[in-house]
Amino acid sequence: MTATGEELVSARGGPWWWARRRSAVLDVGLAVVSAVECGLEGIPFARDAGIPLAVGVVFGVLAGSVLVVRRKWPVAVVLVTIAVTPAQMGFLMGVVGLYTLAASEMPRRIIASLAGMSLVGTWIVTFVRLRQDVARGELTIGDWFVWFASIATSLGVTAPPVLLGMYVGARRRLMESLRERADSLERELQLLAERAEERAEWARNEERTRIAREMHDVVAHRVSLMVVHAAALQAVARKDPEKAVKNAALVGDMGRQALTELREMLGVLRAGTEAGGQRRERVPVAPLAAVGVAAAAAASRAADGEEGAAEGPCLSDIEELVGQSAAAGMVVDLSVEGEGRSYAPVVESTAYRVVQEALTNVHKHAAGAKTYVRLAHRVSEIAMQVENEPPPQAASSAGLPSGGNGLVGMKERVAALGGVFVSGPTDAGGFRVSAVIPAS
């Protein structure tokens with residue numbers, strides 16, 4: 001597992017300006033070593049300068065201790081190093097100071113200026129010391145070696161820590177950039193996961209709504225007709241046995257049709273569940289975002305009215321639908337305009353369901369009212385209208401319950417196909433349901 005930037009910030013527990021305790025321990029240890037080195041180098045400096053040895057040692061210890069603030073003030077450490085270079089002390093402090101300065105977030109021009117000053121100062125001190133040694137006869141090498149040695153020494157002391165510091169600083173900045181990018185990607189993935197959950201929940205709700213709508217369309221109309229026929233059967237059972245037998249046969253036919261449609265619907269749902277189970281067996285673990293996208297796509301297909309492998313009702317069944325309502329005692333008139341043609345299955349199924357639900361509402365709320373069913377085939381659309389006159393005053397209610405979802409379901413079906421649905425009472429006191437559905 002990798003730690004995010006926020007976790008790293010929260011893990012900061014070092015004293016003062018140190019981010020971590022081990023950084024503080026490292027800097028204090030380097031400062032102690034540098035102070036000891038500068039203190040020992042202060043002894044020959046005191047002898048050459050003609051000052052007490054104690055003063056030279058104290059001066060060296062104080063100068064070397066500056067290394068403890070290298071992370072907070074790297075420029076100060078380098079300046080102190082340049083200042084004590086003529087005393088030939090502070091080698092460790094100079095190397096560590098230049099490395100820290102190059103690895104910091106200081107502007108490049110400042111780093112180059114201080115590194116150049118350190119390079120020149122080291123070269124001058126080395127050159128002067130070597131010339132003095134040659135002049136005293138301690139070295140018997142030519143002048144070319146003095147130049148070479150002074151240049152090599154100054155470059156060897158300055159260039160490696162600066163280059164290493166620049167590399168480490170660039171790598172650190174790259175890691176921080178990658179960490180920030182990882183944090184950003186993590187937040188985006190979390191957001192995508194939340195959206196996927198919302199889409200999955202929306203898809204489940206849409207699927208439940210679609211199933212409820214299909215169940216309502218299948219059950220409500222058939223059962224409503226069965227109730228109407230049962231009431232007629234009860235009324236004429238003793239007076240007209242032949243009509244009673246006919247009504248009983250119609251009730252049986254309605255019941256069988258309702259059971260057939262229910263079995264088909266349950267078969268589709270069971271097949272879909274089994275297929276989903278097989279897919280889950282093949283792919284045990286699916287990314288949450290992929291699940292959300294797949295669920296949203298399934299919901300989109302459901303909203304578009306796809307019914308899978310089962311074939312829904314079509315426009316040719318509307319005449320039979322009207323005949324069933326007429327057999328139940330409704331005075332219904334069917335008129336068709338335009339030349340009939342085949343449409344997409346979802347269009348024909350939606351048109352059939354709209355007429356079916358409208359006739360069911362007439363049975364429920366306007367028993368005995370004359371009803372007009374109009375179907376119009378147009379160039380790029382199909383229109384349907386179901387309008388009933390006011391029910392007779394003497395007509396009794398069929399006593400059928402109403403869930404109040406019929407009109408909502410019709411509107412959802414038509415809107416899913418990009419159509420227009422309008423319903424409401426007429427001026428004459430009846431009720432009208434109209435829908436226009438694009439042909440493609």
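Side-chain atoms of Thr153 come within 3.5 Å of backbone N or O of Ala149 as a donor-acceptor pair. Formation of a donor-acceptor pair under 3.5 Å by the Ser65 side chain with backbone atoms of Val61 is found in this model. Without hydrogens or angle criteria, Glu348 side chain to Ser342 main chain gives no donor-acceptor distance under 3.5 Å. Judged by distance alone, with hydrogens and angles left aside, the side-chain atoms of Ser23 form no donor-acceptor pair with the main-chain N or O of Ala19 at under 3.5 Å. Of the possible polar contacts, none joining the Gln385 side chain to the Arg432 backbone as a donor-acceptor pair under 3.5 Å is found. A donor-acceptor pair under 3.5 Å is formed between the side chain of Thr158 and the backbone N or O of Ser154. Judged by distance alone, with hydrogens and angles left aside, the side-chain atoms of Asn205 form a donor-acceptor pair with the main-chain N or O of Glu201 at under 3.5 Å.
Within the 4.5 Å cutoff, side-chain heavy atoms of Ile318 are placed close to those of Tyr352. Taking the side chain as every heavy atom from C-beta outward, Val354 and Arg413 never approach each other to under 4.5 Å. Inter-residue side-chain proximity for Leu67 and Asp27 is flagged as unmet; no heavy-atom pair is nearer than 4.5 Å. For the pair Ser423/Met410, no side-chain contact is recorded, criterion being any heavy-atom separation below 4.5 Å from C-beta on. The shortest distance between side-chain heavy atoms of Tyr372 and Leu334 does not fall below 4.5 Å. Inter-residue side-chain proximity for Ile51 and Phe59 is flagged as unmet; no heavy-atom pair is nearer than 4.5 Å. Ser434 has its side chain out of reach of Met384: every pair of non-hydrogen atoms, C-beta onward, lies at least 4.5 Å apart. In this structure, Leu315 and His377 have side chains that are in contact, with non-hydrogen atoms separated by less than 4.5 Å.
In this structure, Ser325 OG and Leu359 CG are separated by 4.5 Å, a value rounded to the nearest 0.5 Å. Atom CD1 of Ile151 and atom OG1 of Thr126 lie 11.0 Å apart (nearest 0.5 Å). Between the OG atom in Ser104 and the CD1 atom in Ile111 there is a gap of 5.0 Å [rounded to 0.5 Å]. The CG atom of Leu189 sits 6.5 Å away from atom CG of Leu185, with the distance rounded to the nearest 0.5 Å. Note: Ile437 CD1 to Ser349 OG = 9.5 Å, rounded to the nearest 0.5 Å. The distance from atom CG of Asn388 to atom NE2 of His363, rounded to the nearest 0.5 Å, is 11.0 Å.
Closest non-hydrogen pair, Val157 versus Leu98, comes out as O-CD1, 4.2 Å. Considering all non-hydrogen atoms of both residues, Glu387 and Arg374 come closest at OE1-NH1, 3.7 Å. Closest approach of Tyr343 to Glu381, counting heavy atoms only: OH-O, 4.4 Å. Contact detail for Ala439 and Arg341: the closest heavy-atom pair is CB-NH2, 4.0 Å. When every heavy atom of Val75 is checked against every heavy atom of Leu101, the shortest pair comes out as CG2-CD1, 3.9 Å. Pairing each heavy atom of Pro44 with each of Leu40, the nearest pair is CD-O, 3.3 Å.
The 12-atom threshold is not exceeded at CZ of Arg131, counting heavy atoms of other residues, nucleotides or ligands nearer than 6.0 Å.
Between Arg353 and Gln356, the side chains place a donor N or O and an acceptor N or O closer than 3.5 Å (distance only, hydrogens not considered). Side chain to side chain, Trp123 and Ser150 meet the donor-acceptor criterion of an N or O pair below 3.5 Å. A donor-acceptor pair shorter than 3.5 Å can be found between the side chains of Arg70 and Thr100.
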- [ ] Before giving the answer on side chain to side chain contact (heavy atoms under 4.5 Å, CB included), spell out for Phe45 and Gln88 the whole-Å C-alpha distance, their side-chain angles and the decisive distance to 0.1 Å.
- [x] CA-CA 8 Å; Phe45 168 70; Gln88 290 186 319; over 6 Å; no
Open item on the list: Go through it in stages, so that I can follow the logic: the residues are Val66 and Trp73, the test is side chain to side chain contact (heavy atoms under 4.5 Å, CB included), and I'd like the CA-CA distance, side-chain angles, deciding distance and then a yes or no.
Closed with: CA-CA 9 Å; Val66 177; Trp73 296 299; over 6 Å; no
